[in-house]
Every structure is written in C-alpha cells, then in structure tokens.
Amino acid sequence: FMNTSGGPVSQLARFYDVPAERVVLVHDELDIPFDSLKLKVGGGHGGHNGIRDVAKALGTADFPRVRVGIGRPPGRQDPADWVLDPFSSAERTQLPLVLDEAADAVEQLIGEGLLAAQQRHHDDPHDDGDDEGPAEDTGGHPGPALVACHAPHEGLDDLTAVEQAE
C-alpha cells in the first residue's frame with residue numbers, strides 16, 4: 001500500500017484543489033536517527049518507493065516533507081526488512097513524543113512556513129539533512145493543505161492517513 005500511495009494522494013489533492021507545494025508528506029527516514037525530525041521541500045526519493053510514487057503521481061518532487069528518523073538497521077540487515085520491524089521497547093516509549101513533535105512540525109510548516117518549522121525542529125535550521133545549503137523559506141500560506149502520512153514502520157502506521165487541513 002505505501003509503495004503505491006501516489007495515486008490516492010494525487011487524487012485527493014486534485015479533489016480538494018490542493019497544489020503539490022501544499023501536499024505535506026510525512027515519512028520514515030533511514031538516514032536520520034530515531035527520535036529526530038528533518039523538514040525540507042523537494043529532493044530525491046533516496047530509494048524510498050513511496051516518495052518515488054507520490055512524486056510521479058503529483059508530477060513533481062517539489063512538495064514539503066516531514067522526515068521522521070528511524071535510523072539505520074544494525075549490522076547487515078536489509079533496510080527493506082528494517083522499516084517493517086517493530087520498534088524496540090525503548091523506542092516505543094519515546095514514540096508518542098516523536099509523533100507529537102511530527103504533528104507539531106506539520107502544523108508549523110503549514111501555518112508559518114518551512115524556515116520557521118526548521119528553526120524549531122532542527123538542531124541546525126539550515127540543515128535539511130541533504131547538504132544542499134540553507135532552506136528556502138516558503139512562508140506560511142492560507143488555504144487548504146493535504147497531509148499524507150507515509151510510514152510503514154510498525155508503530156508509525158498509526159499515522160497513515162490523508163487529511164485536509166485548513
């Protein structure tokens with residue numbers, strides 16, 4: 001389901017007349033440590049099939065993203081298996097706080113813009129995790145936004161929803 005979520009996301013965006021730059025994708029990110037968030041607009045899919053499908057369906061990769069860190073797998077474990085594994089008991093204890101912060105980041109991103117959200121949720125507000133330099137400030141925008149949560153990792157699947165936010 002997650003790897004083919006682009007169709008439903010783009011259909012909802014069209015139905016609610018939400019442009020791609022107002023579709024916020026919340027997703028798990030291997031390259032960020034567990035319990036960390038990074039926000040950015042655009043970029044590649046980094047091997048994440050769900051992001052690849054959403055970008056293809058929207059016709060652009062230039063949409064805001066809230067990247068929820070799950071960290072790299074230990075040893076030589078296949079990342080494809082890692083993202084489907086349950087969180088450890090220590091991670092499950094922290095997970096509600098991580099999800100609350102991700103929800104706050106989405107609200108701030110929509111209401112106040114990328115730079116304001118990065119300044120609150122990043123250690124370094126100019127670091128979107130991609131070494132591409134400072135983020136462009138998108139500013140907050142009135143009007144609807146579509147939030148698509150794309151997180152197959154057990155525990156994050158509770159976020160799986162698409163909502164219209166005003």
Side-chain angles (χ1 to χ4, degrees), residues 1-73 76-87 91 95 98-110 113-114 117-118 121-122 127-132 135-136 138 141 143-166:
F1 168 74
M2 294 296 172
N3 291 343
T4 58
S5 58
V9 170
S10 67
Q11 288 172 6
L12 281 167
R14 279 193 302 276
F15 180 82
Y16 287 110
D17 197 28
V18 175
E21 65 268 11
R22 297 282 295 159
V23 173
V24 179
L25 188 66
V26 180
H27 66 88
D28 58 339
E29 178 64 59
L30 286 167
D31 293 324
I32 300 173
F34 177 81
D35 88 354
S36 296
L37 298 178
K38 295 287 184 183
L39 292 84
K40 71 177 199 171
V41 172
H45 55 75
H48 197 297
N49 291 326
I51 297 170
R52 178 185 291 130
D53 197 60
V54 170
K56 180 180 175 186
L58 290 175
T60 182
D62 293 332
F63 47 83
R65 304 167 192 197
V66 176
R67 303 157 64 209
V68 181
I70 61 169
R72 282 264 166 207
R76 295 180 180 217
Q77 183 176 0
D78 183 353
D81 294 332
W82 172 250
V83 300
L84 299 175
D85 279 353
F87 287 108
E91 290 170 333
L95 191 58
V98 173
L99 297 180
D100 283 347
E101 185 175 356
D104 290 347
V106 168
E107 288 179 0
Q108 190 167 25
L109 176 64
I110 292 169
L114 178 65
Q118 286 178 326
H121 299 282
H122 286 198
D127 176 18
D128 67 7
D130 283 347
D131 298 324
E132 295 176 359
E136 178 182 333
T138 59
H141 301 283
L146 190 69
V147 179
C149 299
H150 190 285
H153 204 293
E154 185 181 299
L156 290 181
D157 56 356
D158 294 339
L159 279 177
T160 305
V162 179
E163 302 176 7
Q164 181 187 18
E166 295 193 59

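Two residues are said to be in side-chain contact when any heavy atoms from C-beta on lie closer than 4.5 Å; Arg72 and Asp31 meet this criterion. Counting heavy atoms from C-beta outward, Val23 and Val18 have side chains that approach closer than 4.5 Å. Using a 4.5 Å heavy-atom cutoff, the side chains of Val66 and Leu25 are not in contact. Counting heavy atoms from C-beta outward, His121 and Asp104 have side chains that approach closer than 4.5 Å.
Gly6 and Ala57 get closest at one heavy-atom pair: O-CB, 3.2 Å. Considering all non-hydrogen atoms of both residues, Pro64 and Ala20 come closest at CD-O, 4.1 Å. Heavy atoms only, all atoms of each residue included: Ser5 and Gly50 are closest at OG-O, 4.4 Å. The minimum heavy-atom distance linking Leu109 with Leu114 is given by the pair CD1-CA, 3.6 Å. Of all the heavy atoms in Ala102 and Val68, the pair that sits closest is CB-CG2, 4.1 Å. Here the shortest heavy-atom pairing between Ala105 and Ala117 reads O-CB, 4.2 Å.
The CD atom of Gln108 lies 8.5 Å from the CG atom of Leu39; values are rounded to the nearest 0.5 Å. In this structure, the separation between CD1 on Ile70 and CG on Leu95 is 11.5 Å, given to the nearest 0.5 Å. Here the CG atom belonging to Asp28 is positioned 8.0 Å from the CD1 atom belonging to Ile51, to the nearest 0.5 angstrom. Going from atom OH of Tyr16 over to atom CD of Gln11 covers 12.5 Å, rounded to the nearest 0.5 Å.
Under the rule for a side-chain contact (heavy atoms from CB on, under 4.5 Å), the partners of Pro73 that lie at least two apart in sequence or sit in another chain are Leu30, Gln77, Pro79, Trp82.
The backbone N or O of Glu29 sits nowhere less than 3.5 Å from a side-chain atom of His48 that would complete a donor-acceptor pair. Side chain of Arg65 to backbone of Gly43: a donor-acceptor contact under 3.5 angstrom is found.
Side chains of Asp53 and His45: a donor-acceptor N/O pair is absent below 3.5 angstrom, by distance only.
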